[in-house]
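For ligands, and for the atoms within them, numbers begin at 1 and follow the listed sequence.
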Amino acid sequence: MRIIKASDYNDLSRKAANIIGAQVIQNPRSVLGLATGSTPLGTYRQLIERFETGDLDFLDVSSINLDEYVGLGPGDPQSYRYFMNHNLFMHINIKPENTHVPNGLEANEKAECARYENLISQNGGIDLQLLGIGLNGHIGFNEPGAEFVSSTNCVALTESTIQANSRFFADMSCVPTRAYTMGMRAIMHAARILIIVSGANKARIVKEAFYGPVVPAVPASILQLHPNVTLIGDAEALSLL
Ligand code: GLP
């Protein structure tokens with residue numbers, strides 16, 4: 001694993017955008033695995049700027065997002081589809097039909113998981129997977145558990161995740177309790193993984209995930225087994241390494 005120390009959040013975002021940008025320049029037909037949460041927002045702003053200056057072209061790029069809340073549709077400002085549309089897709093020239101997020105409104109969980117898993121293989125897998133990390137070590141919405149779950153699945157969110165994500169909702173009772181998430185196989189089969197971490201509250205889990213044992217109780221620890229991972233963090237998030 002390559003660890004890159006950024007001087008601050010802006011520097012982290014620029015460095016992450018440099019890596020994603022280089023991927024898109026080298027392969028204009030790249031399949032990008034994308035993430036939500038607060039951490040990638042700066043990276044997405046950087047990518048938009050580079051598109052606006054003509055340095056990046058997303059015309060032939062495809063994207064496959066990690067996850068979506070069950071029950072939330074594209075028009076819901078808390079849905080991850082809405083987040084992606086408004087924080088990235090609407091501002092660049094990626095074709096809407098080439099952007100993929102699990103369908104939170106699909107009530108048939110089995111069918112939606114199978115559809116998404118199929119879609120990932122039809123796209124030939126992921127060239128570069130962008131990840132954040134949850135405070136409990138989740139990646140996507142792969143929560144700590146007894147085993148690593150390999151394919152797209154529908155998960156019950158843990159109390160800690162519901163609590164952490166409640167900051168985006170009016171109150172705790174509005175936070176969805178279930179989510180669709182890409183499984184570990186698609187993430188681990190990505191050719192490259194870029195994980196970004198920011199802030200002192202991530203320091204403990206970053207240390208556990210990358211220097212502790214590889215265990216399903218810390219889902220991100222599986223990334224230790226991937227041959228091409230780049231971790232970019234600010235000084236606070238990397239302070240315990
Ligand atoms: C959510 C997302 C994850 C993300 C995590 C951390 O739970 N499902 O993909 O990595 O939050 O988010 P943040 O970057 O806001 O700390």
For [atom], which protein heavy atom lies nearest, and how many Å away is it?
atom	result
atom 8 (N) of ligand 1	D67 OD2, 2.8 Å
atom 1 (C) of ligand 1	Y80 OH, 3.6 Å
atom 16 (O) of ligand 1	K202 NZ, 2.6 Å
atom 10 (O) of ligand 1	G132 C, 3.2 Å
atom 14 (O) of ligand 1	T39 OG1, 2.4 Å
atom 4 (C) of ligand 1	T36 O, 4.0 Å
atom 3 (C) of ligand 1	G140 O, 3.5 Å
atom 12 (O) of ligand 1	G37 CA, 3.8 Å

Using the side-chain hydrogen bond (donor to acceptor under 3.5 Å, both in side chains) rule, take S151 and E117 through it: C-alpha gap first, then chi angles, then the decisive distance, then the call.
CA-CA 7 Å; S151 53; E117 201 58 31; 4.7 Å; no
Considering both backbone and side-chain atoms of L66, is one of its nitrogen or oxygen atoms within less than 3.5 Å of a nitrogen or oxygen in ligand 1?
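No.
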Taking distance alone, with no angle check, do H138 and ligand 1 share an N/O pair under 3.5 Å?
yes
Taking R178 first and then E109, would you say they form a salt bridge - that is, a charged N and a carboxylate O separated by under 4.0 Å?
yes
Determine whether the aromatic ring centres of F58 and F89 lie less than 6.0 Å apart.
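No, too far apart.
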Scan side-chain atoms only and decide if [X] and [Y] contain a donor-acceptor pair under the 3.5 Å cut-off.
X	Y	value
T158	E143	yes
N85	R81	yes
Y69	N165	yes
N98	R29	no

Over 60° means perpendicular and under 30° means parallel, so classify the ring planes of H138 and F141, tilted if in between.
perpendicular
With a cut-off of 4.0 Å, which atoms of ligand 1 are near a heavy atom of N165?
7 (O)
Numbered atoms and elements of ligand 1 in range of F141, under 4.0 angstrom, heavy atoms
7 (O), 8 (N)
Is it true that atom CD of E159 has more than 12 heavy atoms of other residues, nucleotides or ligands lying nearer than 6.0 Å?
no
Heavy atom under 4.0 Å from ligand 1: found in [X]'s side chain, backbone, both, or neither?
X	result
I133	backbone
R167	side chain
A35	neither

Establish whether I3 and L128 are linked, either directly or via other cluster members, by ILVMFWY side-chain heavy-atom contacts under 4.5 Å.
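Each belongs to a different hydrophobic cluster.
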